[in-house]
Amino acid sequence: MGSFIVSCASRSKPVAFDPPTNGRIVIVGNTFAEQLQNTNYFETFLYRNFPDRKLVVRNLGWSGDEVDLQPRPLDFGSLEENLGYHKPDYIFAFFGMNEAFQGADGLPGFEQNLRSYLQKISTEAHNGKSPPQVILFSPIYHEEIGGLLPSPDAHNGQLKAYTRKMAEVAEQLNIPFVDLYSESKRLMNRTDEPLTYNGIHLTEVGYRLVGEIMAASLGFQGIGV
């Protein structure tokens, strides 16, 4: 499968997503991924768009995770062990928000770590049949919500650079990529209601609207973004 950089605003071609019947989807990544369990409009869109596929979704997201930093309790099991247990046909990966705080100095290391991580999860047949199709998602835009919170301008510059680097790595590895940074920026700039409660973590409304962007990026029908 070729790599796509998705932007609903520019009407780019959506990622080709056609899960098999009884297909298994595993979500990995940071707080954005973890909180999809609690306000998971996206999963509703997924089941609504494929009502007869009997899909199974498992969320392995963990608050604070980075591509090279994923601490777990004793005997929790490695990423490879958990992927082997859940046997994904697709893996949705969400990274970049925390790593971007390292700025330009951290970008080369992030590129190297991201490449290694994606190669590791995308080449092994965790389901015993074939390697999973990995789809990489960028971090969202850092929203300006005022108050006593600091300006997000510097972090947004970093997020933009990290998103660009994620797109480059995904293209080189032939992994589909979804640019949530640009799309969430467009979304946040056109709404009067804050979509995050601290600039980087979405509210319930934020998850619904960003979930629509994710669904549209995968070609789901009936999604109005």
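Excluded from the calculations below are hydrogen atoms, water molecules and symmetry mates; all remaining heavy atoms, backbone and side chain alike, are included. The chain is numbered in sequence order, starting from 1. A quick note: this is a predicted structure, and the numbers were derived from the prediction, not measured.
A donor-acceptor pair under 3.5 Å links the side-chain atoms of N59 to the main chain of A33, judged by distance alone. Judged by distance alone, with hydrogens and angles left aside, the side-chain atoms of H126 form a donor-acceptor pair with the main-chain N or O of I121 at under 3.5 Å. In this structure, the side chain of S138 engages the main chain of L180 through a donor-acceptor pair within 3.5 Å. Proximity of a side-chain donor or acceptor of N49 to a complementary backbone N or O of F45 within less than 3.5 Å is not detected. Checking side-chain atoms of E99 against main-chain N and O of V67 turns up a donor-acceptor pair under 3.5 Å. Remark: the backbone N or O of Y141 is paired with a side-chain donor or acceptor of S184 at under 3.5 angstrom. Although no hydrogens or angles enter the test, the distance criterion places a donor-acceptor pair under 3.5 Å between the side chain of T203 and the main chain of L195.
Within the model, atoms CD1 of I145 and CG of N198 stand 6.0 Å from one another, a figure rounded to the nearest 0.5 Å. Here R24 contributes atom CZ and R58 contributes atom CZ; the two are 6.0 Å apart, rounded to the nearest 0.5 Å. Taking CD of E168 as the reference point, atom CG of L114 lies at 11.0 Å (rounded to 0.5 Å). A distance of 10.0 Å separates NZ of K129 from NZ of K87, quoted to the nearest 0.5 Å. Atoms CG and CD, from L55 and E43 in turn, are 9.5 Å apart once rounded to the nearest 0.5 Å. Separating the CG atom in L118 from the CZ atom in F177 is a distance of 10.5 Å, to the nearest 0.5 Å.
Using a 4.0 Å cut-off between charged nitrogen and carboxylate oxygen, D65 and R72 count as a salt-bridge pair. Ion pairing between E111 and R115 holds under the 4.0 Å rule for side-chain N and carboxylate O.
In this structure, F220 has its ring center closer than 6.0 angstrom to the ring center of F50. Aromatic ring centres of F32 and F137: separated by at least 6.0 Å.
Between E80 and K120 the shortest side-chain heavy-atom distance falls below 4.5 Å. Here the side chains of L209 and E183 are not in contact, with every heavy-atom distance at 4.5 Å or above. At least one side-chain heavy atom of L159 sits under 4.5 Å from a side-chain heavy atom of M97. With contacts defined as side-chain heavy-atom distances shorter than 4.5 Å, the pair Q70/W62 does not qualify. Side-chain contact check for L218 versus F42: some heavy-atom pair is nearer than 4.5 Å. Within the 4.5 Å cutoff, the side chain of L187 has no heavy atoms near those of the I140 side chain. Residues N127 and P132 form no side-chain contact, since every pair of their non-hydrogen atoms from C-beta on lies 4.5 Å or further apart. Side-chain atoms of T21 and R53, non-hydrogen and from C-beta on, do get closer than 4.5 Å to each other.
Cluster annotation: V56 is not connected to I91 through the hydrophobic network of ILVMFWY side chains, with a link wherever side-chain heavy atoms come within less than 4.5 Å. Tracing side-chain contacts under 4.5 Å through hydrophobic residues (I, L, V, M, F, W, Y), one never reaches I25 starting from Y85; they form parts of separate clusters.
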Walk me through it: do E212 and Y41 pass the test side-chain contact (heavy atoms from CB on, under 4.5 Å)? CA-CA 8 Å; E212 290 179 354; Y41 290 95; over 6 Å; no
List the steps and the verdict of side-chain contact (heavy atoms from CB on, under 4.5 Å) for L202 and T39. CA-CA 9 Å; L202 293 169; T39 49; over 6 Å; no
Applying side-chain contact (heavy atoms from CB on, under 4.5 Å) to N189 and K185, what does each step give before you reach the verdict? CA-CA 6 Å; N189 286 340; K185 177 181 179 181; 3.6 Å; yes
Which is it for Y181 and K160 under the side-chain contact (heavy atoms from CB on, under 4.5 Å) test, yes or no, and what are the steps along the way? CA-CA 7 Å; Y181 173 81; K160 184 176 181 179; 3.9 Å; yes
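The two residues N30 and G96 have their closest heavy-atom pair at ND2-N, 4.2 Å. What you find for L136 and A170 is that their closest heavy atoms are CD2-CB, 4.3 Å. P108 and A104 make their closest contact through CD-O, 3.5 Å (heavy atoms, listed as atom of the first residue, atom of the second, distance). Residues S122 and P131 approach most closely at O-CB, 3.2 Å, considering heavy atoms. Closest approach of L79 and Y117 over heavy atoms only: CD2-CE1, 3.5 Å. The minimum heavy-atom distance between P194 and E143, with the atom names listed, is CA-OE2, 3.4 Å.
Counting heavy atoms of neighbouring residues, nucleotides and ligands inside a 6.0 Å radius, atom CZ of F76 exceeds 12 of them. Residue Q119 qualifies as enclosed at atom CD: its count of foreign heavy atoms under 6.0 Å is above 12.
When each of F110, F95, F101 is tested with Y162 by the rule ring pair (Phe, Tyr, Trp, His ring centres under 6.0 Å), just one qualifies, namely F110.
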